[in-house]
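We count ligands from 1, going down the list as the structure has it; atoms in each ligand are counted the same way.
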Amino acid sequence: MDVAKDDALSKSVEVADIPCFEITDGPDPLFSAVSTIRGIGPKLAEAFGRLLGNGLRGPARRLDLLLHLPHGLLDHNLNDDPRTLVEGKRVTLDISIVAHRPPYQRRQPYRIDCLLGDEPLQLVFFQGRRNYLQDQLPVGKTRVISGTIGRYGKGKNQIWQVVHPEFVAIPKALSASEPQKGQWLQPVYPSTQGLTQRVLQSRIRTALDDLELHAALLPEWQDPSWIERQGWPSLTEALRQIHTPTQSDDILPTSKARARLAYDELLASQLTLSLTRRKTQERDGKARKGDGRLRRQVIDGLPFTLTAAQEQAIVEINQDLAKPAKMLRLLQGDVGSGKTVVAALAMLQVIEAGSQAALMAPTDVLVRQHGNALYELLRPAGVTVALLTGRESGTSRRDLLMRLASGEIQAIIGTHALFQDDVAFCELGLAVIDEQHRFGVDQRIALAEKSPHSDVLVMTATPIPRTLVLSFYGDVELSEIRQKPIGRKSIATRAAPKSKLDQVIEAVGRAIEEGDQIYWICPLVSPSDELNLTSAEERHESLKAAFGAKVGLVHGQMASTEKDAAMQAFSSGETRLLVATTVIEVGVDVANATAIVIEHAERFGLAQLHQLRGRVGRGDKPSSCLLLYAEPLSQLARQRLDVLRKSEDGFFLAEEDLRLRGPGEVLGTKQSGIPSFRLADLVEHAGLLATARDDARLVLARDPELKSPRGQALRLLLRWHDEATVASYLRSG
Ligand code: ADP
Ligand code: MG
């Protein structure tokens, strides 16, 4: 661990060396703090810090402000023709003021009679201040106002009315500020307390002006011919277009300006990933060929033949392990596609070569499951296997750690207990990480530091769409098992509203009478005041009332031993109906379970539903899945349930999930450490991501230290993207 820290330190000196463009007159227009912008004092700087701040990055920089993009537009385009007005619409009108009518009584509004062309129109202010209004809207003058238009009065006396116009301006001032006649679009920004739209707009404009002043000094970091082919603007122009839109398309992700900024961000992240990867590869890995002795024994003992997809994945991993470079490979395969045996064979290969192998799973339940499965697989080869979770303690733990450090234990399966400081391997050759996206970034780093020479195989049963794989791992190698073992029955999936609950319970009763085993999933552990959802505890109570001791309960808040007991009772058949939360989502394997009821299916994501459904259909009996939903169903939820009923292909469902929900939701960005992009939209800009990856590869192949003119410019881009990360990976130029 210390070695790695020193490493990072020795390389972090170069932050200062990443060049910036030469500014002599004033602050750096990209990287200096927002407090250097005219009109931003300490108090505003603090508010901007809150809005833009990223704890890791330090105070908000000008760049952060410039990249704070509008999420909407106020359309102040003049709409002068009374015949085209529609009640309830926001409009901007050129009006002339005819008369002020202050209220006779306190409760009445202040009215101002105006003309819109020849049509009467009334402005209405509740508690309007007379002096102020007479000043803003003087009789006999014309003004531009905007607000929501309505009709007032009855029959023939109906007139147009705007209550509390949100915006009043002198027509001349308007046209002076915006040369295109009749075009006046105002960007609207995400904001925070203490920052008005007006302040945001004006400070962003100032930052833009400052940047434009120095635009000639800012080098283009993209390949000029690529930029030209795409018809993209320069960075400065792109920012200008987005912050001073002239048409509504300008702020959409599809605009050329947005695409350019997105590409900048994607390229920066791909370069960072490649640099990171290069660094880990430089720490030389070890070639671990193995002699095939243990693997042959295990394969010969399998009760089935490997599928072609499994064979293929095994060959790919085998070749990686046999090379001296460090392996980072992602093994994706649907639930039940048979990843465990593939992982076991990889582990055996490094064990044959005299190293140790570890498999990490996110939960105790899974560790036990994997433990059993792997134990069964590895036993014929006589491999020494151990388990390590948070439960091991005292002498048994100490003893285990000693055997691990001496190399006696050849394979270990554990939770993040494996990351703890006092866990030391004799020589860890391969780390297999199951369901990786449930591990945080720190844990991944801790693992990398524990095993500087070990190869890494990441397995996921929730296939991640390729675009996300690229954005997360960059240049990772990918193995996919898209084929299911022969003989797998498909799972009949149906959806029903909760109003059919009684019938469902009756059917469940019949099924368990006939010897079936059923999961019943609820979204919450215990009842919640805020959410009107059935909790696992409540459902357990009501089902127990109906079926007695045959009903079990397992959820994440139970003690480990209770969880184990509940799972054990279900897999031995002692309980027939297991009420559970999503703790059973991953990996749990009870071959006799043939049905799953998912209550409040509308609350779950597509990938998660697919995972849950994968708990059944593991044996040879036909299986079913019932999606029980509460009405009314949102459009999105309905689509999800439809897609799920129609497909059992996890890869297809993952792409659909990404399309329906967006990348942040798909993997739960926050905790997963998946980079969340500020500018790029992984659905809209998916194509650009692949280009960025190729671009990054090419750049680093030609100019590994980023010393060429473009390389120097790219350092600037990297600095924009993430100073902290980049600093530790670049050598001094
Ligand atoms: P997952 O990819 O979800 O981890 P597992 O590795 O747990 O899948 O495999 C699910 C089940 O399929 C296990 O019981 C395993 O023994 C079995 N299995 C794996 N490969 C094959 C195969 N080629 N043919 C038949 N059954 C297989
Ligand atoms: Mg598995």
Side-chain angles (χ1 to χ4, degrees), residues 295-296 298-317 329-348 357 359-363 365-381 385 411 413 432-438 457-464 478-491 517 519 567 570-571 582-594 596 607-623 625 648-651 653-654:
R295 280 171 284 169
R296 244 186 323 275
V298 168
I299 292 174
D300 287 346
L302 288 177
F304 47 76
T305 41
L306 295 167
T307 62
Q310 282 171 319
E311 298 265 18
Q312 174 67 24
I314 290 164
V315 168
E316 288 164 357
I317 295 166
R329 185 172 280 278
L330 183 62
L331 174 62
Q332 303 215 82
D334 226 332
V335 186
S337 61
K339 295 181 292 297
T340 313
V341 60
V342 174
L345 290 168
M347 293 169 87
L348 284 169
L359 189 146
M360 243 137 317
T363 63
V365 171
L366 270 182
V367 167
R368 306 274 145 187
Q369 289 257 341
H370 277 309
N372 287 338
L374 277 180
Y375 183 74
E376 290 304 319
L377 277 167
L378 303 182
R379 195 177 46 179
V385 190
I413 297 139
V432 180
I433 307 181
D434 199 3
E435 301 296 339
Q436 152 117 357
H437 63 268
R438 303 188 151 228
L457 178 67
V458 175
M459 297 198 293
T460 166
T462 314
I464 307 170
L478 198 57
S479 293
E480 292 179 337
I481 309 184
R482 281 177 177 255
Q483 176 190 22
K484 297 232 171 118
I486 336 166
R488 256 319 120 71
K489 297 274 188 317
S490 75
I491 303 164
Q517 283 189 282
Y519 294 104
M567 289 309 302
F570 189 62
S571 63
T582 54
V583 289
I584 68 129
E585 180 186 334
V586 268
V588 172
D589 204 349
V590 177
N592 197 39
T594 50
I596 185 165
Q608 206 177 16
L609 288 169
H610 179 58
Q611 273 288 315
L612 288 167
R613 177 173 62 178
R615 297 307 106 217
V616 298
R618 306 208 130 209
D620 35 20
K621 285 189 239 159
S623 303
C625 169
E648 273 185 64
D649 177 349
F651 287 88
L653 291 172

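- The heavy-atom pair separating A343 from L457 by the smallest distance is CA-CD2, 4.5 Å.
- Closest approach of G338 to V341, counting heavy atoms only: O-CG1, 3.5 Å.
- By the 6.0 Å contact criterion, OH on Y375 is open, its count of non-hydrogen atoms from other residues, nucleotides or ligands being 12 or less.
- With a 4.0 Å heavy-atom cut-off, ligand 1 is reached by no atom of M459.
- Close approach of ligand 1 to L306 (heavy-atom distance below 4.0 Å) involves ligand atoms 23 (N).
- Under the 4.0 angstrom criterion for non-hydrogen atoms, I481 is not in contact with ligand 1.
- The proximity of T305 to ligand 1, defined as any non-hydrogen pair under 4.0 Å, is limited to the backbone.
- One N or O on the side chain of K339 and one on the backbone of D334 form a donor-acceptor pair closer than 3.5 Å.
- Atom numbering of ligand 1 starts at 1 in the shown order; those under 4.0 Å from a heavy atom of G338 are 1 (P), 2 (O), 5 (P), 6 (O), 8 (O), 9 (O), 19 (C).
- For the ligand labelled ligand 1, residue G333 lies outside the 4.0 Å heavy-atom shell.
- Distances below 4.0 Å separate heavy atoms of T307 from the following atoms of ligand 1: 23 (N).
- Under the 3.5 Å distance criterion, the side-chain polar atoms of Q517 are matched with a main-chain donor or acceptor of F570.
- Within the listing of ligand 1, atoms 4 (O), 5 (P), 6 (O), 7 (O) sit less than 4.0 angstrom from a heavy atom of T340.
- Across all non-hydrogen atoms, the minimal contact from L377 to A344 is CD1-CB, 3.9 Å.
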